[in-house]
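Notes follow the structure.
One-based numbering, in listed order, for ligands and for the atoms of each. All values derive from a computational prediction rather than experimental measurement. In this chain, residues are counted from 1 in sequence order.
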Amino acid sequence: MAHRWKNTLTSADVTPKSIWMNRRSVLAGLAGAGALSSVGGMATAQDALTPNTLEEIRSYNNFYEFGTGKGDPSANAGAMDTSGWEVTIDGLVDNPGTYALNDLIGDMTVEERIYRFRCVEAWSMVVPWNGFELADLLNKVGVQSGATHVAFETAVMPEVMIGVQRRVMDFPYVEGLRLDEAMHPLTLMATGIYDEPLANQNGAPMRLVVPWKYGFKSIKSIVRITLTDEQPPTSWSTINPREYGFYSNVNPQVDHPRWSQASERVIGGGLFAARKDTLMFNGYPEVASLYEGLDLAANY
Ligand code: MTE
């Protein structure tokens with residue numbers, strides 16, 4: 001498949017500029033070569049990232065509203081009508097309301113972010129998202145001082161969602177972040193992939209992308225964003241709190257109770273490709289400071 005993205009990218013290409021500049025100044029400020037190489041070992045965003053093809057990204061999905069098989073979302077999600085999409089913003093915000101999507105995000109600066117994407121099921125892809133920083137949207141609606149968390153909710157359209165009809169889990173699918181996680185410059189609201197609008201199976205018209213967390217945090221087809229002063233319930237940790245925590249940071253040292261998280265199968269790598277080592281925070285060490293003093297094994 002011919003596309004414009006280069007196969008060799010520098011970390012300037014794969015991380016937002018503000019963070020890259022930051023990292024450069026951190027690197028510049030470090031004295032010894034030892035310190036440099038240990039940061040270099042950690043700063044895995046310097047790896048070249050080869051994005052998966054659009055075909056791979058659109059055909060191997062998790063979107064339980066449309067069925068539990070990897071091919072179900074691409075087979076079934078086409079029937080979802082995303083025209084006239086509205087998003088409700090409520091809770092501890094200055095400008096609550098139900099907005100037509102374009103009124104809400106039409107003025108956002110959309111950029112390309114090539115991110116690693118690591119599912120809790122231990123497969124991974126690299127996705128060239130188009131989107132804007134969630135922080136920009138939250139600043140636009142005005143977060144009030146008491147807010148500590150952000151809750152997200154996916155649309156429920158039983159007429160077209162076969163997984164909802166079959167009640168494969170409780171819907172709406174809900175997710176949440178701490179406010180500082182939501183405000184982090186890596187946290188993206190995606191509206192496209194490869195400069196094309198999101199396919200329905202990828203969470204059209206707007207989905208969250210939190211690249212240092214397992215993929216299930218990246219909630220699709222969002223219809224509600226609520227600013228709150230408590231940790232919101234999340235779908236998978238409600239279903240099985242022992243297996244899925246609120247944080248769900250990618251962590252090769254904390255295994256899922258039923259499988260190892262130390263390595264991952266790269267989608268598109270071929271049947272006999274070696275598994276790849278999973279990286280702490282999925283290779284985004286710049287988020288580590290968010291969790292200082294937190295026991296990451298207890299707060300999985
Ligand atoms: N969002 C909703 N509403 N429903 C889902 O079932 N699955 C999650 C996440 N967001 C899911 C969801 C999981 S488990 C993963 S791995 C990613 O979406 C998959 O995103 P992708 O299909 O675009 O790769």
Side-chain angles (χ1 to χ4, degrees), residues 51-78 80 82 85 87 113-131 151-158 160-177 187-194 196-225 232-240 243-245 248-250 256 259 261 264-268 278 282:
N52 282 85
T53 65
L54 191 57
E55 168 64 19
E56 286 160 354
I57 295 166
R58 286 185 170 176
S59 60
Y60 190 90
N61 301 102
N62 279 328
F63 198 167
Y64 275 25
E65 285 84 340
F66 294 102
T68 55
K70 293 289 178 278
D72 290 344
S74 55
N76 300 326
M80 176 169 70
T82 59
W85 197 267
V87 179
R113 297 276 180 93
I114 301 172
Y115 282 162
R116 296 181 195 79
F117 188 86
R118 169 60 158 83
C119 179
V120 74
E121 298 163 336
W123 53 264
S124 68
M125 295 196 195
V126 173
V127 182
W129 303 102
N130 309 107
F152 305 87
E153 196 177 301
T154 295
V156 182
M157 302 176 172
V160 294
M161 291 175 162
I162 198 159
V164 172
Q165 290 166 19
R166 293 180 185 160
R167 298 169 201 255
V168 300
M169 62 190 280
D170 276 343
F171 296 106
Y173 191 100
V174 290
E175 257 305 336
L177 296 172
T187 303
L188 203 68
M189 274 298 201
T191 52
I193 295 172
Y194 276 118
E196 303 234 12
L198 284 181
N200 286 355
Q201 61 266 32
N202 291 115
M206 180 174 84
R207 61 92 59 84
L208 185 66
V209 180
V210 194
W212 71 93
K213 293 178 179 284
Y214 291 121
F216 67 84
K217 298 294 288 182
S218 293
I219 181 173
K220 296 179 168 181
S221 304
I222 293 169
V223 290
R224 181 182 224 107
I225 301 174
T234 63
S235 283
W236 284 103
S237 60
T238 302
I239 291 170
N240 194 335
E243 298 193 350
Y244 308 101
S248 295
N249 293 316
V250 175
H256 186 281
W259 59 84
Q261 294 291 27
E264 62 205 47
R265 180 172 60 91
V266 179
I267 300 300
T278 289
N282 204 24

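- With a 4.5 Å cut-off on side-chain heavy atoms, Met161 and Phe171 do not count as touching.
- In terms of protein heavy-atom proximity, atom 7 (N) of ligand 1 is nearest to Asn62 O, 3.3 Å.
- Among residues two or more places apart in sequence or in another chain, the side chain to side chain contact (heavy atoms under 4.5 Å, CB included) test is passed with Glu196 by Leu54, Arg58.
- Residue contacts with ligand 1 for Tyr173 involve side-chain atoms from C-beta outward but no N, CA, C or O (heavy atoms, distance under 4.0 Å).
- Close approach of ligand 1 to Glu65 is summarised as follows: ligand atoms under 4.0 Å from at least one heavy atom of the residue are 2 (C), 3 (N), 4 (N), 5 (C), 6 (O).
- If you check the side chains of Asn76 and Glu65, you find no donor sitting under 3.5 Å from an acceptor.
- When only non-hydrogen protein atoms are considered, atom 24 (O) of ligand 1 lies nearest to Phe117 CE2, 3.8 Å.
- For ligand 1, the atoms sitting less than 4.0 Å from at least one non-hydrogen atom of Cys119 are 16 (S), numbered in the order shown with element in parentheses.
- At least one N/O-N/O distance between Asn202 and ligand 1 falls below 3.5 Å.
- Taking the six-membered ring wherever Trp is involved, the centroid distance between the rings of Tyr60 and Trp123 falls below 6.0 Å.
- In this structure, Asn52 and Val127 have side chains that are not in contact, with every pair of non-hydrogen atoms separated by 4.5 Å or more.
- Taking the six-membered ring for Trp, Tyr244 and Phe216 have ring centres closer than 6.0 Å.
- Of all atoms in ligand 1, listed by their number and element, those nearer than 4.0 Å to a heavy atom of Ser218 are 9 (C), 10 (N), 18 (O).
- Neither the backbone nor the side chain of Glu175 comes within 4.0 Å of ligand 1, counting heavy atoms alone.
- In the model, Trp212 has no side-chain atom that pairs as donor or acceptor with a side-chain atom of Asn282 under 3.5 Å.
- Within the structure, ligand 1 lacks Tyr214 among the residues with a heavy atom less than 4.0 angstrom away.
- Among the atoms of Thr154, some N or O lies under 3.5 angstrom from an N or O of ligand 1.
- Residues Ile239 and Met169 are in side-chain contact: their nearest non-hydrogen atoms beyond the backbone lie under 4.5 Å apart.
- Ligand-side atoms of ligand 1 in range of Asn61: 21 (P), 22 (O), 23 (O), range being under 4.0 angstrom from any heavy atom.
- Not a single heavy atom of Met169 sits less than 4.0 Å from an atom of ligand 1.
- Residue contacts with ligand 1 leave out Ser221, since none of its heavy atoms falls under 4.0 Å from the ligand.
- Remark: among candidates Glu153, Arg58, Lys220, the nearest residue to atom 21 (P) of ligand 1 is Lys220, based on non-hydrogen atoms.
- Contacts of Arg207 with ligand 1, taken as heavy-atom pairs under 4.0 Å, involve the side chain alone.
- Contacts of Phe66 classified as ring pair (Phe, Tyr, Trp, His ring centres under 6.0 Å), with partners at least two apart in sequence or in another chain: Phe63.
- For ligand 1, none of its N or O atoms has an N or O atom of Trp123 under 3.5 Å away.
- Protein heavy atom in closest approach to atom 6 (O) of ligand 1: Tyr64 N, 2.7 Å.
- Looking only at side-chain heavy atoms (C-beta outward), Leu208 and Glu175 stay at 4.5 Å or farther from each other.
- For ligand 1, none of its N or O atoms has an N or O atom of Tyr60 under 3.5 Å away.
- In this structure, the side chain of Arg207 engages the main chain of Ser218 through a donor-acceptor pair within 3.5 Å.
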